[in-house]
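Here's the structure we're looking at; comments come further down.
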Amino acid sequence: LQVVSAMTSDDRLIRRAIELYDFSRREDGMVGMNFPTYLTQDSATYTLIWPLMFRDYVMWHDNVPWLKARMPGLRATLHGLELYENGDGLLDQLPGWSFMDWVPSFWDGVAPDGYGLSALNNLFYVHALQSAAVAETAVGNDDLARYWRKKADRVAAKVIELFWSTERGMMADTLKKDTFSEHAQCLALLAGILPPDKEAQAFQGLITAPELARATVYFSHYLFDTYTRFGRTDLTLKRMDLWRDYVKNGMCTPLESPGDARSDCHAWGSHPIYHLHAGVAGVTPSEPGFKSVRVAPQPGGLKKITSKTPHPKGFVGLDLHFDDDKVQGTVMLPEGVRRVCLAEDAP
């Protein structure tokens, strides 16, 4: 969704994708990993990604009547996932393939304890619940928004209680706190659930701890989002060496995983397009429906940024030149966009 949003303001393909997830949804709320098909492939972690698309749609696009029609399906999915909550309110013993990322140390792409009680699975659950709250607010269902938000807060508090390692200053992957990953740090940091001291520790661990399981192609999306949030797009640009190697090797589409991938045309690996707009150029919605825009470029060592980011009313254009801590250039906004922020603390 975010890649398409960074390429065009036409939301038809995005709406169709969200609809297809909904059409594949079964009575237990699970959405299909492939659809249409005569076979089913279940994955609760794949299902958890669907609600995240709603939050992205709310921020980047503004078709509220269409969104209302999809909300019953979203609610059914989240209520279906509630059936897999244990006594602490955490997801446990999820059905199907709990895929997370093609990390070599993850068995078949599943994070440690991914078929049991996993920090990563439950951090994704927090994101899904937060996203549902954003979508409910957008369609005017404030009571349901409060319900999902309170549940997200409860799950988040329990995840921190059970998986935070005081010794390491990071989120562990397992209850034993014997494995750690970029994935757990990113999901916790992006959810905004850690108090300031733990947040600082987790980000420091993310960028310095040598033994973390490293994100590969797909999950690097969340890694790059985390780098952007903490003002370190220089790290994003460096980790894009993987995609530079694709070009060197004659690839014109991204692989599913590093090395001998089973798919050499995997759409979810195209997210650097989005991060160049939202991270490096720093153009993002500052309120639902892209009614106002935030421009907070992070050149990451680049001397020039020229970009044209789609907006429902046109384009947000940047032509900026950087010299140490100084910037000169122009920012062009569509007619009717209310304001622009050039820094985190700008008025």
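Just so it is clear, the model here is predicted, and its values are computed rather than measured.
- For the atom pair CG of Leu52 and CD of Gln2, the computed distance is 8.5 Å after rounding to the nearest 0.5 Å.
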Item checked: Stepwise side chain to side chain contact (heavy atoms under 4.5 Å, CB included) test for Trp107 and Tyr115 -> CA-CA 11 Å; Trp107 183 80; Tyr115 288 118; 4.2 Å; yes
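- Ring pair Trp50/Tyr46: centre-to-centre distance not below 6.0 Å.
- Under the salt bridge (Lys or Arg N to Asp or Glu O under 4.0 Å) criterion, Asp197 pairs with no residue, sequence neighbours left out.
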Margin query: If you apply the rule side chain to side chain contact (heavy atoms under 4.5 Å, CB included), what do you find for Tyr57 with Asn63, and how did you get there?
Written below: CA-CA 9 Å; Tyr57 186 86; Asn63 192 332; 3.0 Å; yes
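- Salt bridge annotation for Glu167-Lys177: absent, with no cationic side-chain nitrogen under 4.0 angstrom from a carboxylate oxygen.
- Counting only N and O atoms by type, the side chains of Asp234 and Tyr227 include no donor and acceptor under 3.5 Å apart.
- Side-chain rings of Phe219 and Trp268 stay apart, their centers remaining 6.0 Å or farther from each other.
- Ring-centre distance between Trp148 and His79: below the 6.0 Å cut-off.
- Of all non-hydrogen atoms in Asp22 and Gly73, the two that sit nearest each other are OD1-CA, 3.6 Å.
- A salt bridge is absent between Asp113 and Lys176: the closest approach of a Lys/Arg side-chain nitrogen to an acidic carboxylate oxygen does not fall below 4.0 angstrom.
- When the side chain to side chain contact (heavy atoms under 4.5 Å, CB included) test is applied to Lys248, the partners found at least two apart in sequence or on another chain are Asp245.
- Side-chain N/O atoms of Ser131 and Arg55 include a donor and acceptor closer than 3.5 Å.
- Panel note: side chain Asn141, backbone Leu144; no donor-acceptor pair is recorded below 3.5 Å.
- For the side chain to side chain contact (heavy atoms under 4.5 Å, CB included) with His183, the lone residue among Phe106, Tyr222, Phe124 that qualifies is Phe106.
- The backbone N or O of Gly279 lies less than 3.5 Å from no partner atom in the side chain of Thr228, so there is not a single donor-acceptor pair.
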Next item on the list: In sequence, state the C-alpha distance, the side-chain angles, and the governing distance for Asp173 and Asp178, and then conclude on side chain to side chain contact (heavy atoms under 4.5 Å, CB included).
Entry: CA-CA 8 Å; Asp173 299 334; Asp178 54 353; over 6 Å; no
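- For Thr77 (side chain) and Leu74 (main-chain N/O), no donor-acceptor pair under 3.5 Å exists by modelled atom type.
- Note on Asp241 versus Arg244: salt bridge recorded, some NZ/NE/NH1/NH2 to OD/OE distance being below 4.0 Å.
- Among Arg154, Lys151, Lys158, the single residue meeting the salt bridge (charged side-chain N to carboxylate O under 4.0 Å, His left out) criterion with Glu85 is Lys151.
- For the pair Arg168 and Phe180, the cation-pi criterion (under 6.0 Å, within 45° of the ring axis) is fulfilled.
- Here the shortest heavy-atom pairing between Leu91 and Leu81 reads CD2-O, 3.4 Å.
- Taking 4.0 Å as the cut-off between side-chain N and carboxylate O, Asp10 and Arg12 count as a salt-bridged pair.
- Defined by atom type and a distance below 3.5 Å, a donor-acceptor pair is missing between the side-chain atoms of Thr236 and His275.
- The only option from Met59, His311, His61 that meets the side chain to side chain contact (heavy atoms under 4.5 Å, CB included) definition with Ser5 turns out to be His61.
- Relative ring orientation between Trp97 and Trp102 is described as tilted, the plane-to-plane angle lying within the 30° to 60° band.
- A salt bridge links Glu182 with Arg239: the distance from a Lys NZ or Arg NE/NH1/NH2 to an Asp or Glu carboxylate oxygen falls below 4.0 Å.
- Atom CD of Glu211 has more than 12 heavy atoms from other residues, nucleotides or ligands within 6.0 Å.
- Side-chain atoms of Ser98 come within 3.5 Å of backbone N or O of Gly114 as a donor-acceptor pair.
- Within the cation-pi definition used here (under 6.0 Å to the ring centroid, within 45° of the axis), Lys308 qualifies as a partner of Phe315.
- The closest side-chain donor-acceptor pair between Glu19 and Trp66 falls under 3.5 angstrom.
- Going from atom CD of Gln328 over to atom NZ of Lys304 covers 13.0 Å, rounded to the nearest 0.5 Å.
- A pairwise comparison of heavy atoms in Asp108 and Phe99 identifies O-CD1, 4.3 Å as the closest pair.
- The shortest non-hydrogen separation linking Leu194 to Ala188 is CD1-CB, 4.1 Å.
- Atom CE of Met240 is surrounded by more than 12 heavy atoms from other residues, nucleotides or ligands within 6.0 Å.
- The shortest non-hydrogen separation linking Leu175 to Phe163 is N-CE2, 3.5 Å.
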